Asker: 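Take a look at the following structure, please.
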Amino acid sequence: MQQNKIQSEIQSIVATQSQYIAQHHDRFLAEVCDLIRIPSVSTDKSYANEVHRAAEFIKNQLITAGADNVEVCQTAGYPIVYGEKLINPALPTVLVYGHYDVQPADPLELWTSPPFEPRIADGYIYARGACDDKGQMYMHIKAFELMMKTNSLACNVKFMIEGEEEIGSVNLGAFCTANREKLKADVILISDTGMIANDIPSITAGLRGLSYMEVEITSPNRDLHSGLYGGAVANPINILCQMIASLHDENNHITVKGFYDKVAELSAAERAEMAKAPFDLAQYKAALDLPDVHGEKGYSTLERTSIRPTLDVNGIWGGYAGQGAKTVIPSKAYAKISMRLVPHQVSEEITELFTKHFESIAPPSVRVKVTALHGGEPVVTPTDSVAYKAAELAYETTFGKKPIPQRGGGSIPIVAMFKAALNIDSVLMGFGLDSDAIHSPNERFGLFNFRRGIETIPLFYQYFASLKK
Ligand code: BES
Ligand code: MN
Ligand code: MN
């Protein structure tokens, strides 16, 4: 199709859709708030009913929006909600992925308003899941409704919305391999990442992988009087702290043997290209109240959070932490440790390297147990594909600016799984901001971003269909 014809068609589509959004925006907002009110915390079994309730909610919303063959597909864990609208086999097919589960809301006392009672104030929705990922995933359902109601659906579409992303998507790989035909698509479209700023649109072009471990150090078989035994028995907390401290050297390199063996190093040219992305260190520090940044020597902050692997303690406990003092040498100490991985590290291999290393550095006075919780593979998504081009044009139309490709530091295990199981690439059209505080107290999502997402997504379908011709 000629460029001009596309442009004039796009203009009329933009007009029609902005009218539709203006008319229905309040309802869109009310609906997403209803979804957010369901506390679908996947990691905590006591919320199991709520997680299932969120799946039912998505199912009903997909049906109402006009999807066919909507089903709640059971897995060994939480279900995957599937729905589709196949309008013409000659048109390309977009597979939309998102997740309806959320992280726990703790620490509750740091929330300004209750995490599962969405509050709309100063242009934001404040709530757990507002950005990650209910708000962003719901934009796709509303964009779909809009395309159905305004007769402008330009591609076939399939939805696959899961409830176990925050616990590592453990049952999704099997679901994908068992449903290859059903999930066949030309591209996977995901809004579960962020962009640089509301006036600096960007498209996430890669994600880090993950190896998540739990370690347990055991010394005496019971908690001991620290006067009677102190000095002669290994204190598991002291030992654990020493072991953890030794996992980084003075340059903040990770000391786990073999850890960097497969790390893909970027060329000087690639690093120079990355450094062009707008980034303000002073603003970064101010936003987090940091006296200074910290990280691997020889790399910038942006590099440290995207192209370099990390090792972090997520939690550490043991002994007495109640009120006042208790003189005790604890029997056990624990820590949760996660490693973010970059191409071409392999989660299972890193898990094994870590386990061997951690066992090897334990002194003979303690017992050590290392368990792997979950993992995911790193991925780089193409920026020279038709789908990327379509996303770029869609952003250019709504933001008036070309989006910048940028590697993300977080993990979405399914992206690499999709590539491995179905050989389909993803486009990560995230509309969140770092300041949205995902996984933190007072998570929020901008009303601007919610609306901009609903405007941009249908344009992706338009451009993708015309570029694919
Ligand atoms: N949506 C996030 C991942 C994300 C956010 C990537 C922002 C890039 C930018 C996702 O829900 C998430 O939190 N993933 C987990 C991984 C999972 C295996 C627990 C993560 O990254 O910690
Ligand atoms: Mn997410
Ligand atoms: Mn998350």
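Values reported hereafter were calculated over all heavy atoms of this structure, with side chains retained and with hydrogens, waters and symmetry mates removed. Remember, predicted model here, so these are calculated numbers, not experimental data. Note that ligands are numbered from 1 as they come in the structure, with each ligand's atoms numbered from 1 the same way.
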Asker: Mind checking whether Leu210 contacts ligand 1 via backbone (N, CA, C, O), side chain (CB onward), both or neither, at a 4.0 Å heavy-atom cut-off?
Answerer: side chain
Asker: May I ask you to identify, for Met195, whether its side chain, its backbone, both or neither come under 4.0 Å of ligand 1 on a heavy-atom basis?
Answerer: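 No part of Met195 is near ligand 1 at this cut-off.
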Asker: With the Mn ion (ligand 3) at the apex, how many degrees lie between OD2 of Asp132 and NE2 of His439, rounded to 10 degrees?
Answerer: 90°
Asker: Does the side chain of Tyr463 come under 3.5 Å of the side chain of Thr397 through a donor N or O and an acceptor N or O?
Answerer: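 Yes - a donor-acceptor pair under 3.5 Å links their side chains.
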Asker: With distance as the sole test, does Glu443 use its side chain to make a donor-acceptor pair with the main-chain N or O of Asp132 at under 3.5 Å?
Answerer: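 Pair found, side chain donor or acceptor close to backbone of Asp132.
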Asker: Could you list the atoms of ligand 1 found under 4.0 angstrom from a heavy atom of Arg340?
Answerer: 20 (C), 21 (O), 22 (O)
Asker: Would you kindly say whether Ser411 and Arg340 are connected by a side-chain donor-acceptor distance under 3.5 Å?
Answerer: yes
Asker: Please write down residue, atom name and distance for the protein heavy atom closest to atom 6 (C) of ligand 1.
Answerer: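 Protein heavy atom with the smallest distance to atom 6 (C) of ligand 1: Gly410 CA, 3.6 Å.
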Asker: So is Gln103 close enough to ligand 1, meaning a heavy atom under 4.0 angstrom away?
Answerer: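 No, Gln103 has no heavy atom closer than 4.0 Å to ligand 1.
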Asker: Evaluate the side-chain proximity of Leu183 to Tyr97: yes if any heavy-atom separation is below 4.5 Å, no if none is.
Answerer: no
Asker: For ligand 1, which atoms, with element, lie under 4.0 Å from some heavy atom of Ile438?
Answerer: 5 (C), 7 (C)
Asker: What I want to know is whether His374 and ligand 1 share at least one N or O pair that is separated by under 3.5 angstrom.
Answerer: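 No, His374 has no N/O under 3.5 Å of an N/O on ligand 1.
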Asker: Which label fits Tyr334 and Trp317: parallel for a plane angle under 30°, tilted from 30 to 60°, or perpendicular past 60°?
Answerer: parallel
Asker: Does CD in Glu56 sit with more than 12 non-hydrogen atoms of other residues, nucleotides or ligands closer than 6.0 Å?
Answerer: yes
Asker: Output, in order, the C-alpha distance, side-chain angles, deciding distance and verdict of side-chain hydrogen bond (donor to acceptor under 3.5 Å, both in side chains) for Thr456 and Thr398.
Answerer: CA-CA 6 Å; Thr456 309; Thr398 50; 2.9 Å; yes
Asker: At a non-hydrogen distance cut-off of under 4.0 Å, which region of Pro413 contacts ligand 1 (side chain, backbone, both, or neither)?
Answerer: side chain
Asker: Under 4.0 Å, heavy atoms only, figure out whether ligand 1 is touched by the backbone of Thr204, its side chain, both or neither.
Answerer: neither
Asker: For atom 9 (C) of ligand 1, find the nearest protein heavy atom and state the residue, atom name and distance (0.1 Å precision).
Answerer: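 Looking at atom 9 (C) of ligand 1, the protein heavy atom closest to it is Thr193 CA, 3.9 Å.
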Asker: Can you pull out the closest protein heavy atom to atom 17 (C) of ligand 1? Residue, atom name and distance to 0.1 Å, please.
Answerer: Glu165 O, 3.6 Å
Asker: Is the number of heavy atoms from other residues, nucleotides or ligands within 6.0 Å of CG (Asn442) greater than 12?
Answerer: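 Yes, CG of Asn442 has more than 12 neighbouring heavy atoms, counting only those of other groups under 6.0 Å.
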Asker: Between Asp192 and ligand 1, which part of the residue brings a heavy atom under 4.0 Å of the ligand: side chain, backbone, both or neither?
Answerer: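 The part of Asp192 near ligand 1 is both the backbone and the side chain.
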Asker: Give a yes or no answer on whether the side chain of Glu50 reaches the backbone of Val41 with a donor-acceptor pair at less than 3.5 Å.
Answerer: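 Absent.
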Asker: As an exercise, identify every atom of ligand 1 less than 4.0 angstrom from a heavy atom of Gly168.
Answerer: 18 (C)
Asker: Does an N or O anywhere in Glu166 fall below 3.5 Å from an N or O of ligand 1?
Answerer: yes
Asker: When only distance counts, is His99 in polar contact with ligand 1, meaning an N/O pair under 3.5 Å?
Answerer: yes
Asker: Is Asp192 close enough to the Mn ion (ligand 3) that one of its N, O or S atoms comes in under 2.8 Å?
Answerer: no
Asker: How far is atom 3 (C) of ligand 1 from the closest protein heavy atom, and which atom is that?
Answerer: Ser411 O, 3.5 Å
Asker: Any cation-pi pair here, Arg452 with Phe399, using under 6.0 Å and within 45°?
Answerer: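 Flagged: Arg452 positioned over aromatic ring of Phe399.
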Asker: Once the angle between the rings of Phe159 and Phe144 is folded into 0 to 90°, is it parallel (under 30°), tilted (30 to 60°) or perpendicular (over 60°)?
Answerer: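 The rings of Phe159 and Phe144 stand perpendicular, inter-plane angle above 60°.
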Asker: NZ of Lys182: more than 12 outside heavy atoms within 6.0 angstrom?
Answerer: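 Atom NZ in Lys182 is crowded, with more than 12 foreign heavy atoms closer than 6.0 Å.
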Asker: What N/O/S atom of Glu166 gets nearest to the Mn ion (ligand 3)?
Answerer: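 Going by distance to the Mn ion (ligand 3), the closest N, O or S atom in Glu166 is OE2.
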